[in-house]
Number of protein chains: 2
Amino acid sequence: MKRQKTSSDEDGSSLKQRAYSESHSIEDILVEFEDIDHRLMNLDRECAKEQMKIQRKFDEKKRPTLEERKKVIEKIPRFWYDTLCRHPLIAEHIHSEDLDILKHLKHIELDDNLDDEGSYCISLIFDERVSDIMEPLVLKKHIIYKDDEEKVQEVTTIKWKSVSPKTLITEKINKMEGDIDKEKLNFSIFDFFDKDFNHNVDIGDIIRRDIFHAPLLYYCDNEQAEEE
Amino acid sequence: MKRQKTSSDEDGSSLKQRAYSESHSIEDILVEFEDIDHRLMNLDRECAKEQMKIQRKFDEKKRPTLEERKKVIEKIPRFWYDTLCRHPLIAEHIHSEDLDILKHLKHIELDDNLDDEGSYCISLIFDERVSDIMEPLVLKKHIIYKDDEEKVQEVTTIKWKSVSPKTLITEKINKMEGDIDKEKLNFSIFDFFDKDFNHNVDIGDIIRRDIFHAPLLYYCDNEQAEEE
């Protein structure tokens, strides 16, 4: 629905003059407005900073319990694999070529809120058996925020022992026929370790906010599991 | 893309037995897991509570500056009308029947974070001229959160002097032909003052998080404005 005209439909040169002087005075008002906005934004920033301090205090408090959780998770076969695969967005986009590797995923680690801007580092830790497929066993991505923009501080370069899953997926998709969105389909979870990763399935955000925060929610999602 | 099998493809009765005893021990592990999760969630809740205290402290600090802003806004003709209409989600859904009334909108007020759960109250304040169309001049909706669910604590009942904009919009849409989503189109901004309002254009959230928080961003959105 296109929005309607918001300006009135009056016309005539005197009205035009009025509009001209009005627009000038509005400019002055907007300068004043921007100054106020600036002060409000500064207060918001100060607030976010204080809240982040609290967050980091609680992250510290959660650490021993997360260590306990890690030990429990190690007792459940393929816990992170199942949890990842049952996240609806990942379930929708994942390919078997990735799953063949992800079944060797041993642990996911998150170092969250590393600074006041909320930088974080995600590690995927694989078992020895993956070394036939790729190197190293620990894939790491460290994301920082500078001037409200996301930047990659550090990322592991994966060395594929043979053809990468992404190459296999791309080949598979290129062979597909019919009315499909090839660009959207052409997705590998390992794209995340590309410095310029920018898919709308934001793996970093999904792991940070969903998977690591509430893994049991996805692991126990029977609806997804029963669809198998 | 449908997700792949996550369980292994082994078979045989001994394997089935192992799976049975495994699933039992996994149940025990999950009980332990749930306990850990519970403790983590309690820490998260405690953290959110402390952060809300900070938020409310800063809301208080922002109050005098917001009062200044209010005075500046009063000098700009139809500021809130233009701001609302230039929000992309509202621009997409608004009908002329609503705009005829919204042009009398004098001010928007937000009482935010009224408690630790983040309850809030939105008021739309209209000028006298609207009294030919509806009553009262101040429309208010107070939303609270209980057990993580949104509930309407208080909402103004609008008394329409003649046919309501929603009735006009519904009539207009019912006359439309072709392949259109009538349910999606049938939207009035005044639906927000319905106790059971549940449209995917979440007016409360839009006003709270976008419009009131950064009105200038939308008011100065020339791209939208130039589409007029």
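Throughout, protein chains are lettered first and strands after them, A, B, ... in sequence-line order, and every chain is numbered starting at 1.
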Any chance you could lay out the salt bridge (charged side-chain N to carboxylate O under 4.0 Å, His left out) test for A:Arg39 and A:Asp35, step after step, and finish with the verdict? CA-CA 6 Å; A:Arg39 280 183 278 146; A:Asp35 169 63; 3.1 Å; yes
Check each atom of A:Lys103 against the heavy atoms of chain B and say whether the ones under 4.5 Å are side chain, backbone, both or neither. neither
Taking side chain as everything from C-beta outward and backbone as N, CA, C, O, which of these in A:Glu32 sits under 4.5 Å from a heavy atom of chain B? Side chain, backbone, both or neither. side chain
Option that, when pairs with chain B are counted at under 4.5 Å, heavy atom only, ranks first among A:Leu30, A:Ile76, A:Ile73, A:Val72: A:Val72
Taking every non-hydrogen pair under 4.5 Å, which of A:Glu46, A:Met41, A:Lys61 racks up the most with chain B? A:Glu46
Would you sort out whether A:Phe187 and A:Ile203 count as a side chain to side chain contact (heavy atoms under 4.5 Å, CB included), showing the intermediate values? CA-CA 11 Å; A:Phe187 166 83; A:Ile203 299 295; 3.6 Å; yes
A:Lys106/A:Glu74 salt bridge by N-O under 4.0 Å criterion: no
Verify whether one side chain among B:Asp59 and B:Gln55 offers a donor that lies under 3.5 Å from an acceptor in the other. yes
Applying the side-chain contact (heavy atoms from CB on, under 4.5 Å) test to A:His95, which of A:Leu168, A:Asn186, A:Ile173 qualifies? A:Ile173
Okay, B:Lys53 and chain A: the region with an atom under 4.5 Å from a heavy atom over there is neither
